[in-house]
Amino acid sequence: MRAHAPIVLFCYNRPLHLQQTVKSLQMNTLASKSELYIYSDGPKHAQEAEAVNEVRAYISGITGFKNVTIFESPRNKGLAASVIEGVSFVLSKYPKVIVLEDDMLSTTDFLSFMNNALDTYAERDDIYSVTGYTPPIGVPENYPHELYLVPRASSWGWGTWAHKWVNADWQVRDFPNLKKDDKRRNAFNQGGDDLWPMLAKQQKGVIDSWAIRWTYSQFANGAYGLYPVHSKIKNIGTDGSGTNFTFKSGEYGEEMAEGHVTMPADLKPDADVIRAFQQYYRLSFLLKIKNRVKYGI
């Protein structure tokens with residue numbers, strides 16, 4: 001039997017969200033057999049110290065897992081640096097990993113689903129990440145599978161492998177060439193026409209996102225993200241409380257589905273599903289104008 005993937009959980013200053021995330025995770029059938037690594041980021045400002053301390057008091061008592069290892073940063077690294085450093089460290093010790101942030105509810109079979117996906121697709125060079133989340137896209141009624149492949153990585157309840165994560169280019173060294181290549185930019189935007197603007201803002205220093213760089217690395221290696229047709233993850237952080245998600249939204253799906261998911265080893269990308277996915281992540285005309293005027297994108 002293959003070893004279960006360790007879980008890496010990132011948290012900051014939202015104790016109530018974190019408690020819901022952990023309680024949900026503790027109810028997973030594989031929780032007691034899984035290692036849990038918790039990364040607690042330090043406060044940005046003195047005003048946040050109390051909330052960070054409350055988070056740290058809570059995580060010090062977490063049980064229900066095979067083992068719990070806690071890293072408490074004395075300074076604020078930000079989510080991007082925390083994720084890149086934390087995931088890289090855990091993947092230096094294990095061949096695969098499951099990653100969560102502090103605002104994710106999961107089904108009781110989420111860890112089972114993720115481990116099965118990580119084992120099934122480990123040797124597929126064209127699959128760089130798996131996730132338990134799916135956006136509420138319009139999957140075609142005649143689509144025959146319970147999983148699909150799209151040219152985008154998810155940052156919500158996701159996993160990857162050490163031999164693929166190591167190929168990520170966090171500096172995006174190819175950006176100058178991509179900027180001049182309309183054809184490649186259009187190909188990158190098959191995962192959503194918000195991808196190129198996000199990558200450009202990342203390189204301009206407007207945002208600090210590990211996820212857009214990971215998605216670009218996936219694209220640069222000709223790889224896909226694997227998603228379930230029905231979610232096993234629900235985000236509870238779109239209430240305006242997050243650091244990187246500071247507006248409220250109910251557009252990210254309420255559904256979570258328990259139950260076995262069939263995983264065909266030879267799963268192929270489906271053009272209709274990719275179009276539906278791209279449509280979901282389309283940018284409004286006004287936002288495109290704003291990006292052009294404000295950022296020159």
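As a basis for the values below, the full set of heavy atoms in this structure was taken, side chains included, without hydrogen atoms, waters or symmetry mates. The first residue of the sequence shown is numbered 1, and numbering continues consecutively from there.
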Qualifying residues under ring-ring contact (aromatic ring centres under 6.0 Å, His included), relative to Tyr148, sequence neighbours excluded
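Only Tyr227 meet the ring-ring contact (aromatic ring centres under 6.0 Å, His included) criterion with Tyr148.
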Name all residues meeting the side-chain hydrogen bond (donor to acceptor under 3.5 Å, both in side chains) criterion together with [X]; count only those two or more places apart in sequence or in a different chain, and write none if there are none.
{"X": "Ser231", "result": "none"}
{"X": "Ser60", "result": "none"}
{"X": "Arg75", "result": "none"}
{"X": "Ser24", "result": "Ser106"}

side-chain contact (heavy atoms from CB on, under 4.5 Å) for Asn13 and Val55? Distances and angles first, verdict last.
CA-CA 6 Å; Asn13 65 350; Val55 162; 5.5 Å; no
Specify the closest pair of heavy atoms between [X] and [Y], including all atoms of both residues, with the distance to one decimal.
{"X": "Leu36", "Y": "Leu9", "value": "CD1-CB, 4.1 Å"}
{"X": "Ser209", "Y": "Arg213", "value": "O-NE, 3.0 Å"}
{"X": "Asp169", "Y": "Ser217", "value": "N-OG, 2.9 Å"}
{"X": "Pro6", "Y": "Val90", "value": "CG-CG1, 3.7 Å"}
{"X": "Thr215", "Y": "Pro151", "value": "CG2-O, 4.3 Å"}
{"X": "Ala153", "Y": "Trp214", "value": "CB-CD1, 3.6 Å"}

Taking the six-membered ring of Tyr281, is the NZ or CZ of Arg152 close enough (under 6.0 Å from the centre) and on axis enough (within 45°)?
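The answer is yes, since Arg152 meets both limits relative to Tyr281.
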Determine whether a donor-acceptor pair (N or O, by modelled atom type, separation under 3.5 Å) exists between the side chain of [X] and the backbone of [Y].
{"X": "Asn53", "Y": "Ala49", "value": "yes"}
{"X": "Asp41", "Y": "Gly78", "value": "yes"}
{"X": "Arg282", "Y": "Gln279", "value": "yes"}
{"X": "Lys179", "Y": "Ala200", "value": "no"}
{"X": "Asn76", "Y": "Gly42", "value": "yes"}
{"X": "Arg56", "Y": "Ser40", "value": "yes"}

Does atom NZ of Lys201 have more than 12 heavy-atom neighbours from other groups under 6.0 Å away?
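Counting other residues, nucleotides and ligands, NZ of Lys201 exceeds 12 neighbours.
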Examine Ile98 and Met27 and state if one hydrophobic cluster contains both, with Ile, Leu, Val, Met, Phe, Trp and Tyr joined whenever side-chain heavy atoms are less than 4.5 Å apart.
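Result: no, two separate clusters.
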Compare all side-chain heavy atoms of [X] with those of [Y] and state whether any distance is below 4.5 angstrom.
{"X": "Lys66", "Y": "Glu35", "answer": "yes"}
{"X": "Trp210", "Y": "Ser155", "answer": "yes"}
{"X": "Gln218", "Y": "Ser129", "answer": "yes"}
{"X": "Ser73", "Y": "Tyr39", "answer": "no"}
{"X": "Ile137", "Y": "Gln278", "answer": "no"}
{"X": "Val130", "Y": "Trp161", "answer": "yes"}
{"X": "Tyr58", "Y": "Pro15", "answer": "no"}
{"X": "Ile236", "Y": "Met104", "answer": "no"}

Considering residues at least two apart in sequence or located in another chain, which fulfil the salt bridge (charged side-chain N to carboxylate O under 4.0 Å, His left out) criterion with [X]?
{"X": "Arg275", "result": "Asp272"}
{"X": "Glu85", "result": "Lys77"}
{"X": "Asp102", "result": "Arg14"}
{"X": "Asp125", "result": "none"}

Check step by step if side-chain contact (heavy atoms from CB on, under 4.5 Å) holds for Ile38 and Phe65.
CA-CA 12 Å; Ile38 303 176; Phe65 300 89; over 6 Å; no
For the pair Lys183 and Asp181, find out whether any cationic side-chain nitrogen is under 4.0 Å from an anionic carboxylate oxygen.
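No.
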Nearest 0.5 Å, what's the [atom1]-[atom2] distance between [X] and [Y]?
{"X": "Tyr121", "Y": "Tyr224", "atom1": "OH", "atom2": "OH", "answer": "14.5 Å"}
{"X": "Phe188", "Y": "Phe219", "atom1": "CZ", "atom2": "CZ", "answer": "7.0 Å"}
{"X": "Ile62", "Y": "Lys23", "atom1": "CD1", "atom2": "NZ", "answer": "11.0 Å"}
{"X": "Thr120", "Y": "Leu267", "atom1": "OG1", "atom2": "CG", "answer": "10.5 Å"}
{"X": "Asp270", "Y": "His145", "atom1": "CG", "atom2": "NE2", "answer": "8.0 Å"}
{"X": "Asn28", "Y": "Ile7", "atom1": "CG", "atom2": "CD1", "answer": "7.5 Å"}

Could you give me the CA-CA distance, side-chain angles and deciding distance for Leu178 and Gln203, then say whether side-chain contact (heavy atoms from CB on, under 4.5 Å) is met?
CA-CA 12 Å; Leu178 183 67; Gln203 295 307 102; over 6 Å; no
Under 3.5 Å, which donor-acceptor pairs link side chains of residues 111-119 to any protein atom two or more places apart or in another chain?
{"unit_1": "Ser112", "atom_1": "OG", "unit_2": "Thr29", "atom_2": "OG1", "d": "3.3"}
{"unit_1": "Asn115", "atom_1": "OD1", "unit_2": "Ala5", "atom_2": "N", "d": "2.8"}
{"unit_1": "Asn115", "atom_1": "ND2", "unit_2": "Leu111", "atom_2": "O", "d": "2.8"}
{"unit_1": "Asn116", "atom_1": "ND2", "unit_2": "Ser112", "atom_2": "O", "d": "3.3"}
{"unit_1": "Asp119", "atom_1": "OD1", "unit_2": "Lys96", "atom_2": "NZ", "d": "2.6"}

Using the salt bridge (charged side-chain N to carboxylate O under 4.0 Å, His left out) rule, collect all pairs that involve residues 215-227, keeping only residues at least two apart or in two chains.
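Checked against salt bridge (charged side-chain N to carboxylate O under 4.0 Å, His left out) - neighbours excluded - no pair reaches residues 215-227.
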I'd like to know whether Thr21 forms a side-chain contact (heavy atoms from CB on, under 4.5 Å) with Leu25, so could you lay out the CA-CA distance, the side-chain angles of the two residues, the decisive distance to 0.1 Å, and finally the verdict.
CA-CA 6 Å; Thr21 296; Leu25 201 54; 5.5 Å; no
Please tell me whether Phe175 and Trp170 form a close aromatic pair, meaning their ring centres lie under 6.0 Å apart.
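Aromatic pair excluded; centres sit 6.0 Å or further apart.
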Just distance, no hydrogens or angles: give the donor-acceptor pairs under 3.5 Å from side chains in residues 258-266, sequence neighbours left out.
{"unit_1": "Glu258", "atom_1": "OE1", "unit_2": "Thr108", "atom_2": "OG1", "d": "2.8"}
{"unit_1": "Glu258", "atom_1": "OE2", "unit_2": "Thr108", "atom_2": "N", "d": "2.9"}
{"unit_1": "Glu258", "atom_1": "OE2", "unit_2": "Thr108", "atom_2": "OG1", "d": "3.1"}
{"unit_1": "Thr262", "atom_1": "OG1", "unit_2": "Glu146", "atom_2": "OE1", "d": "3.1"}

Could you please spell out the steps behind the side chain to side chain donor-acceptor pair (under 3.5 Å) verdict for Thr131 and Trp156?
CA-CA 7 Å; Thr131 179; Trp156 292 0; over 6 Å; no
Residue that, paired with Trp158, satisfies ring pair (Phe, Tyr, Trp, His ring centres under 6.0 Å) out of Tyr133, Phe10, Trp165:
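Only one of Tyr133, Phe10, Trp165 forms a ring pair (Phe, Tyr, Trp, His ring centres under 6.0 Å) with Trp158, namely Trp165.
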